[in-house]
2 protein chains.
Amino acid sequence: MPDSEFALETFLPYLLNQAAEASSLAFQQVYKDRYGMLRTEWRVLFHLGLYGSMTASEIGQRARMHKTKISRAVNRLSKRRFVERVRDDVDRRVEHLSLTVKGRAAYQDLRQTAERYEAQLLAPFTVKEVALLRQALGKLTNTPPDFFT
Amino acid sequence: MPDSEFALETFLPYLLNQAAEASSLAFQQVYKDRYGMLRTEWRVLFHLGLYGSMTASEIGQRARMHKTKISRAVNRLSKRRFVERVRDDVDRRVEHLSLTVKGRAAYQDLRQTAERYEAQLLAPFTVKEVALLRQALGKLTNTPPDFFT
DNA sequence: GTGTAATAGTCGTGTTTGTAACTAACAAGC
DNA sequence: GCTTGTTAGTTACAAACACGACTATTACAC
């Protein structure tokens with residue numbers, strides 16, 4: 001009765017999801033416990049920490065997040081004084097976002113933690129393997145299959 | 001102001017999430033459009049298609065899904081007659097789940113689609129790269145970092 | 001100027017999820 | 001028998017998400 005020609009365990013999207021979930025779990029705990037942040041908020045924080053001042057839609061493009069997600073994340077972050085919003089004088093639709101001192105501190109802390117965390121994740125692999133893995137993941141992200149059968 | 005020592009674009013959990021999302025998207029559309037299924041339901045369907053009759057908790061262990069997720073997925077699947085539930089005579093807490101004819105048809109269809117889909121995803125890679133990728137993802141899934149700093 | 005389209009960001013509502021509490025059935029000790 | 005603990009699965013409620021509709025502002029055409 002069982003059908004073993006096609007193994008779910010090797011189906012790539014499934015594997016990717018499992019790995020993504022497993023590798024996010026422990027770190028998720030960190031930013032949640034220390035700063036009460038959600039993943040969306042942590043991503044916004046990181047983008048601002050990395051690139052300095054950005055607008056919501058710039059973050060959206062880089063992070064491939066929907067603007068409603070960003071809007072809400074920014075809202076929460078600014079309510080807790082991690083993020084500062086400054087309206088653009090010229091185009092008053094636009095808001096320039098940047099980290100407050102508190103936000104920068106959180107970012108620094110989480111960034112360091114992330115580095116150490118990643119080192120643990122990558123420990124079982126060789127340098128070459130890591131490079132290949134990163135490259136492959138990038139390719140998979142940027143080559144969406146045009147699939148409508 | 002920006003800080004480029006640590007690039008978010010290379011942070012592994014981030015990459016994994018992006019790749020997982022991108023590679024799931026198109027296929028998600030398929031089982032959603034054709035059968036109105038959610039990812040959880042698709043997973044349950046696939047496990048039952050692959051392994052034949054299983055209980056909810058067996059699926060949970062294999063798929064690393066929480067039992068409430070499975071409970072709801074099975075509920076929806078059985079309401080739409082994709083899945084049949086039979087209570088165990090000996091241990092009446094247990095339910096044996098299996099696919100109906102309709103469920104098996106959906107499974108066959110989606111399985112074939114999944115195969116072709118995966119072939120597209122893997123097209124840009126060599127056989128060796130694919131093997132390494134699968135192996136790496138497996139390792140990442142099964143080596144949860146013990147991280148509580 | 002007026003009208004139309006586009007863009008930045010927010011809000012509202014239904015859906016899905018996560019967490020914990022719950023019921024029902026079994027098991028083991030006494 | 002009667003307790004205590006464990007397991008299978010469900011339910012309840014709050015948190016998070018997706019999606020579309022919405023406001024406000026700018027841009028462009030005429």
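Reminder, nothing fancy here: chain letters follow the sequence lines and each chain counts from 1.
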Spatial distance of atom CD1 (A:I70) from atom CD (A:E41) [nearest 0.5 Å]: 12.5 Å

Separation of A:L97 CG from A:S78 OG (nearest 0.5 Å): 8.5 Å

Aromatic A:Y14 / basic B:R43 pairing, under 6.0 angstrom, 45° off normal: no

Check: B:T40 and B:V44 side chains under 4.5 Å, non-hydrogen atoms: no

Separation of C:dT19 P from A:L38 CG (nearest whole Å): 12 Å

Close residues, residues 85-96 of chain A, relative to DNA chain C [heavy-atom separation under 4.0 Å]: A:R85, A:R93, A:V94, A:E95

Heavy-atom closest pair, residues A:P124 and B:K139: O-NZ, 3.6 Å

N or O in side chain of A:K69 less than 4.0 angstrom from D:dC17 OP1/OP2: no

Note, A:L16 side chain near A:L137 side chain (heavy atom, < 4.5 Å): yes

Atom pair NE2/CG of A:H47 and A:L50 - distance to nearest 0.5 Å: 7.5 Å

Distance, rounded to the nearest Å, where A:M54 contributes CE and C:dG9 contributes C1': 16 Å

Of the listed nucleotides C:dT16, D:dT10, D:dA16, the one nearest the side chain of B:R76: C:dT16

Under 3.5 Å side-chain donor-acceptor pair for A:R64 and A:T141: no

For atom CZ of A:R64 and atom P of D:dA18, their distance in whole Å: 15 Å

Sugar-phosphate, base or nothing in reach of B:I70, heavy atoms under 4.0 Å: nothing

Residue whose nearest DNA chain D nucleotide is more 5′ - B:H66 or A:H66: B:H66

Interatomic distance where CD belongs to B:E58 and C1' belongs to D:dT7 [whole Å]: 13 Å

B:K67 side-chain N/O to D:dT10 phosphate OP1/OP2 under 4.0 Å: no

Check ion pair B:R111-B:E118 (N to O, under 4.0 angstrom): no

Whole-Å distance separating the CG atom of A:L77 from the P atom of C:dT10: 12 Å

Identify each atom pair where a protein N or O and an N or O of nucleotides 11-14 of chain C are less than 3.5 Å apart, giving names and distance.
from: C:dG12; atom 1: N7; to: A:R72; atom 2: NH2; distance (Å): 3.1
from: C:dG12; atom 1: O6; to: A:R72; atom 2: NH1; distance (Å): 3.0
from: C:dG12; atom 1: O6; to: A:R72; atom 2: NH2; distance (Å): 2.9

